[in-house]
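It should be emphasised that the depicted structure is a prediction, and the values quoted were computed from it without experimental measurement.
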Amino acid sequence: MNRRNFVRIAGGGIVLGATVGLAGCSSELPPEAVAAWSGPAANTADVRHWILSYAILAPHSHNLQSWLVDLRQPGEIMLYCDLTRLLPETDPLSRQIMMSQGTFLELLDIAARQKGLRADITLFPQGEFGPATLDKRPVARIVLAADAGVKPDPLFADILNRHTNREAYAPREPAAAALQAIATSVAPHPVRTGFVGAAQPDALQKHRAIASEAWRIELVTPRTVMESFNVLRVGPREIAEHRDGLSINTPMVRALTALGLFDRSKAPGPNDAATTGQIKDFNEKIAATPVFFWMITEGNDRKTQVNAGRAYARAQLAATAQGLAMQPLSQALQEYPEQAKPYADIHTLLQAPQPRDTVQMWARLGYAPPVGPSPRRGLQAHLITTA
């Protein structure tokens with residue numbers, strides 16, 4: 001990719017990569033970064049490794065994969081949160097991190113059932129974290145036991161197919177039966193759910209407006225956009241090295257990075273093309289989104305957050321089984337000061353008065369072309385091997 005394949009936009013001072021000469025640069029992720037999505041080997045000696053190979057495919061905020069497991073006690077799994085993998089700017093109270101512990105536990109439970117095992121899950125066996133910070137105590141203790149009464153969960157079939165889809169969704173609405181399947185899927189957990197679509201045009205437009213404003217705020221707030229930049233992996237080398245975070249492997253961005261024209265050391269200005277372009281792209285996707293989905297809990301303690309994550313994992317698997325794409329809209333649910341108005345607006349719109357209720361998940365839902373998996377660090381990266 002040589003410099004003559006780049007053109008300077010007149011008067012803009014921005015260098016953009018021309019696509020000429022980049023055809024040989026694949027956007028596919030490196031095979032080692034997505035190897036976990038092939039599933040575990042059939043002859044895995046320790047059934048806990050087999051189960052955990054599915055659990056690590058759970059959705060996680062910013063794809064940080066902050067799961068640590070201790071397997072030194074036979075027949076038991078102790079789950080800890082990796083305190084080096086938090087989001088202090090966009091998730092200052094670690095609510096989303098706790099939900100991500102819950103998505104892991106739900107996939108673990110589903111995979112255990114596939115082996116005829118009951119996963120007895122005790123949350124916070126050494127005490128629950130406080131409302132503002134996490135610590136080194138375990139999130140959960142899981143004891144596995146053979147149980148002839150355990151039935152396989154049909155959602156297991158879609159664990160390897162579930163991917164968060166951030167592309168544009170087709171404008172057609174999902175069938176009522178598909179929405180009902182999603183709502184039914186969360187029944188094991190204490191959440192209430194809802195959908196809004198074309199039948200409620202005023203409410204639909206309010207959802208779109210709140211989502212767009214919350215996204216704009218995150219992009220123009222330097223410290224929050226830098227939190228994403230810090231886990232942005234560009235190109236096959238970075239993606240293969242880290243196997244986490246937010247991956248970009250498009251030839252254009254790789255070329256800009258190689259030439260030092262994509263500076264990730266500082267946040268772009270609110271009027272920079274990098275910011276306005278993302279806002280425009282997001283607004284177009286939101287404007288075409290046919291349905292929004294949400295989950296609300298009564299209360300917001302750490303157990304509630306974990307169980308909300310478990311419910312979301314089921315909802316997304318159920319959506320996958322129905323041929324639907326789902327993407328969380330986390331910005332308006334985040335508890336940093338600049339998001340105070342969107343946060344209040346979405347709670348008011350969904351009739352979830354605080355502090356009694358908390359909107360734990362808000363997502364767009366629809367039909368979209370399939371996307372590939374996100375990177376995974378592999379099971380070994382999550383195992384605690386030292387005292």
task: Start with the C-alpha gap between Lys280 and Glu284, add the side-chain angles, then the distance that decides, and say whether salt bridge (Lys or Arg N to Asp or Glu O under 4.0 Å) holds.
output: CA-CA 6 Å; Lys280 180 176 181 292; Glu284 289 173 352; 2.7 Å; yes
message: If the threshold is 4.0 Å, N to carboxylate O, is there a salt bridge linking Arg48 and Asp46?
response: yes
Main-chain N/O of Asp357 paired to Gln354 side chain as donor or acceptor, under 3.5 Å: yes
message: I'd like to check Ile159 versus Leu317 (side-chain heavy atoms, cut-off strictly below 4.5 Å). Are they in contact?
response: yes
field: Check: Thr304/Asp301 side-chain N/O donor and acceptor closer than 3.5 Å
entry: yes
task: Determine yes or no for a side-chain-to-main-chain donor-acceptor pair under 3.5 angstrom, with Thr44 supplying the side chain and Ala41 the backbone.
output: yes
task: State plainly whether one hydrophobic cluster holds both Leu155 and Leu324, where clusters connect Ile, Leu, Val, Met, Phe, Trp and Tyr through side-chain heavy atoms under 4.5 angstrom apart.
output: no
- prompt: Which distance, rounded to the nearest 0.5 Å, do you find between the CG of Asp272 and the CG of Leu219?
  reply: 11.5 Å
query: If you measure from CE on Met98 to CG on Asn307, what distance do you get to the nearest 0.5 Å?
result: 12.0 Å
- prompt: Given the rule that I, L, V, M, F, W and Y join up when any side-chain heavy atoms are under 4.5 Å apart, are Leu123 and Leu93 in one cluster?
  reply: no
- request: Answer yes or no: is there an ion pair linking Asp91 with Arg95, defined by an N-O contact shorter than 4.0 Å?
  value: no
- request: Give a yes/no verdict on a cation-pi contact between Arg113 and Phe156, requiring under 6.0 Å between NZ or CZ and the six-membered ring centre and an angle within 45° of the axis.
  value: no
task: Report yes if some heavy atom in the side chain of Ile142 is under 4.5 Å from a heavy atom in the side chain of Leu108; otherwise report no.
output: yes
task: Working to the nearest 0.5 Å, report the span between CD1 of Ile77 and CG of Leu71.
output: 6.0 Å
task: Check step by step if side-chain hydrogen bond (donor to acceptor under 3.5 Å, both in side chains) holds for Thr90 and Gln331.
output: CA-CA 8 Å; Thr90 54; Gln331 290 76 27; over 6 Å; no
Check: Gln65 side chain, Arg243 main-chain N or O, donor-acceptor pair, under 3.5 Å: yes
- request: May I ask you to say whether Glu128 pairs ionically with Arg302, meaning some side-chain N is under 4.0 Å from a carboxylate O?
  value: no
- request: Determine, for Arg233 against Glu238, whether the closest basic-nitrogen to carboxylate-oxygen distance falls under 4.0 angstrom.
  value: no
query: Are Glu241 and Arg237 close enough for a salt bridge, meaning some N to O gap below 4.0 Å?
result: yes
query: To the nearest 0.5 Å, how far apart are CZ in Arg85 and NE2 in His62?
result: 13.0 Å
- prompt: Parallel, tilted or perpendicular: which describes the rings of Trp362 and His207, with under 30° parallel and over 60° perpendicular?
  reply: tilted
- prompt: Does any non-hydrogen side-chain atom of Thr224 lie less than 4.5 Å from one of Glu338?
  reply: no
task: Name the orientation class of the two ring planes belonging to Phe129 and Phe124 (parallel below 30°, tilted from 30 to 60°, perpendicular beyond 60°).
output: perpendicular
task: To the nearest 0.5 Å, tell me how far Thr358 OG1 sits from Asn300 CG.
output: 3.5 Å
